[in-house]
Amino acid sequence: MTLTSTAGDPVVRVSGTAQGAELRGSDADATVLAVGSTGVPAVEPLLSVTRRGRTGFHARCPPERAKTIVSTVAEAGDVTTADPDAVVEHDPDATRLPVPELPGFGVGNRSVLAACGWRRPTNPADHEAAGGFGNPDPAAVLDAGTRLRGRGWGDRCQDAFLAETWGTVRDGDGDAAVVVNGHGNPADALLLAGAPFEVLDGATALARAVDAERLVVYASAADERAVETAREAATTYPDPPAPIDVVAGPPEYRAAEPTMALEAIEGNHRLEARLRPPGPEEVGLHGRPTLVHTSRTLAQLAIALRDGREPETRVVTVTGDVAAPATVELRESDSLADAVDAVEVEGTVKAACVGGRFGGLTRDLDVGVDPEALSAANLGTDGTVHVLAEDSCVVEFVGRRARFAAEGNCGRCVPCREGTTQLTALLRAVYDGEYDADGIEELGRVMATSSLCSFGVRAGRPARTALAAFESEFAAHADGRCPAGQCVEPAEVT
């Protein structure tokens, strides 16, 4: 089976918008396809026109301009006639996005993200043409787990190799379950919305390897496109080893934590972290041995099985003080600076909070994106980089993160519940001249070593790392001065 032919009339792809349906109603002789986001919304709506192995890209293309472009190209038969922003020569039957020279595409490569912005997300023919829907030997799947590590804080095996946990589930008592956790991270939602078959390929291969009887895709109800696309993909996925259910969970940040995700899937309205041991791999969804992996982890598995080698890449989303966020795929040898190169920073970079809501703050972007390098730098590995521009106040920033933790924790364990409240108070006291660096450091250490789940373990990290990298700014605030000029009131973190 081949992808939509590009040998005859132009093939038009529209990424990041719903205007594909509108274009399909035009009179031009062109095939119009609605594809998912590229992960670089700064260039979207992105219109690409392909003919005979050549694609012209038109960035930020409104519907009126798109109609003119389609008509012009269809009449001339030349994708360069409508003044595209970039042109790429490629295989006429390309199944992955030919990367254009446009802002946001200049770093890394695209393996896990290859389908995003090119294939129709729920079209089985597109995915099959790319080599999808394979039926790998379970032994090969389990072997791949000895070399792959989990991605994201919603993954039960974050940064850990997967094989041991898979073995526990395979050998456990009761019918196993596999949960795709697409909640809480923009890259996981992007994959569910733009390349759901890649995720399902990994999930179904894993389900066969551990003899799972249930497969659940879980995402935030706030990510409507991810939920809707995953549901459509689940209905068209050929011959899954178990019924595929798609569950939309509450949008709260904590709902992505693996055990709270299970609570949400089971329909419990009060989300609390589960005591462990036993972990979900022993007693998980409705008491079943359960694997909980993020979309990124399972898409990585699918690509590894298809290519016969693990893609040594990391999917990273850059946000914060930037003109528009971007999700890029970097080689593990690339750095945080490479990730930031994918976006337009609003000013100069002062710092970055690396690794999710409770990541670590750093001035140094010359740090690799592999988990060892990030952990050695006391940064997080969740796959996000929040940029702070020079006029941002790190004290105000970490204060808001602490307050979010105090208001958003589940309340199950004392170190997290009380610790986040005390941390907020300690940071608020800085504005009153009571700067207790040792107290903040000690509280963060206690939370990190005694909290029940990753929420509490990491909630103190923004403050602790900010103290290490920006100690003078805390001291300045205690003296009544904000070096960034942002904190005009003495109680910015209340």
Side-chain angles (χ1 to χ4, degrees), residues 1-121 123 125-132 194-195 197-198 307 326-329 342:
M1 185 171 292
T2 60
L3 193 67
T4 301
S5 173
T6 61
D9 294 334
V11 175
V12 179
R13 292 177 173 84
V14 186
S15 176
T17 179
Q19 66 177 266
E22 187 174 344
L23 285 175
R24 277 195 286 269
S26 67
D27 296 330
D29 291 328
T31 300
V32 180
L33 311 178
V35 295
S37 172
T38 61
V40 186
V43 301
E44 295 174 351
L46 180 64
L47 185 81
S48 63
V49 187
T50 302
R51 188 169 186 268
R52 301 188 187 282
R54 174 185 278 187
T55 295
F57 290 89
H58 302 263
R60 297 177 296 281
C61 190
E64 298 76 15
R65 182 177 166 223
K67 289 182 178 179
T68 301
I69 292 170
V70 172
S71 298
T72 301
V73 172
E75 182 176 344
D78 184 349
V79 300
T80 67
T81 56
D83 193 22
D85 298 296
V87 176
V88 180
E89 307 276 351
H90 55 81
D91 184 334
D93 293 320
T95 57
R96 54 193 304 156
L97 177 71
V99 179
E101 291 186 6
L102 291 174
F105 291 94
V107 299
N109 56 12
R110 296 172 74 92
S111 179
V112 172
L113 297 179
C116 296
W118 189 253
R119 295 178 218 153
R120 290 166 289 186
N123 186 286
D126 284 10
H127 187 63
E128 186 174 1
F197 288 139
E198 298 285 19
D307 293 350
T327 297
V328 296
E329 187 172 353

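Numbers here simply count residues along the sequence, with the first being 1.
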Please find the pair of heavy atoms, one from [X] and one from [Y], that lie closest to each other, and give the distance.
| X | Y | result |
| --- | --- | --- |
| I69 | C61 | CD1-SG, 3.7 Å |
| F105 | L97 | CE2-CD2, 3.8 Å |
| A326 | A342 | CB-O, 4.2 Å |
| G117 | S15 | CA-OG, 4.0 Å |
| V40 | P103 | CG1-O, 3.6 Å |
| A74 | P10 | CA-CG, 4.0 Å |

(Q) Which residue in the set T50, V88, V87 passes side chain to side chain contact (heavy atoms under 4.5 Å, CB included) when paired with P98? (A) V88
Q.
Angle between ring planes, H90 versus W118, binned at 30° and 60°: parallel, tilted or perpendicular?
A. perpendicular
Donor-acceptor check, side chain of [X] to backbone of [Y], threshold 3.5 angstrom: yes or no?
| X | Y | value |
| --- | --- | --- |
| R110 | T38 | yes |
| R119 | T95 | yes |
| E198 | V112 | no |
| R51 | G77 | yes |

(Q) So, using ring-ring contact (aromatic ring centres under 6.0 Å, His included) as the criterion, who are the partners of F57 when residues are at least two apart? (A) none
Taking only residues two or more places apart in sequence, or in another chain, which ones meet [X] in a side chain to side chain donor-acceptor pair (under 3.5 Å)?
| X | value |
| --- | --- |
| S48 | none |
| S37 | E44 |
| D78 | T80 |
| T68 | none |

Q: Report the distance from atom OG1 of T72 to atom NZ of K67, rounding to the nearest 0.5 Å.
A: 13.5 Å
Q: State the CG-CG distance between L102 and L46, to the nearest 0.5 angstrom.
A: 6.5 Å
Q | L47 side chain near V12 side chain, heavy-atom distance below 4.5 Å | A | yes
(Q) R60: which residues meet the side chain to side chain contact (heavy atoms under 4.5 Å, CB included) condition with it, sequence neighbours left out? (A) V43
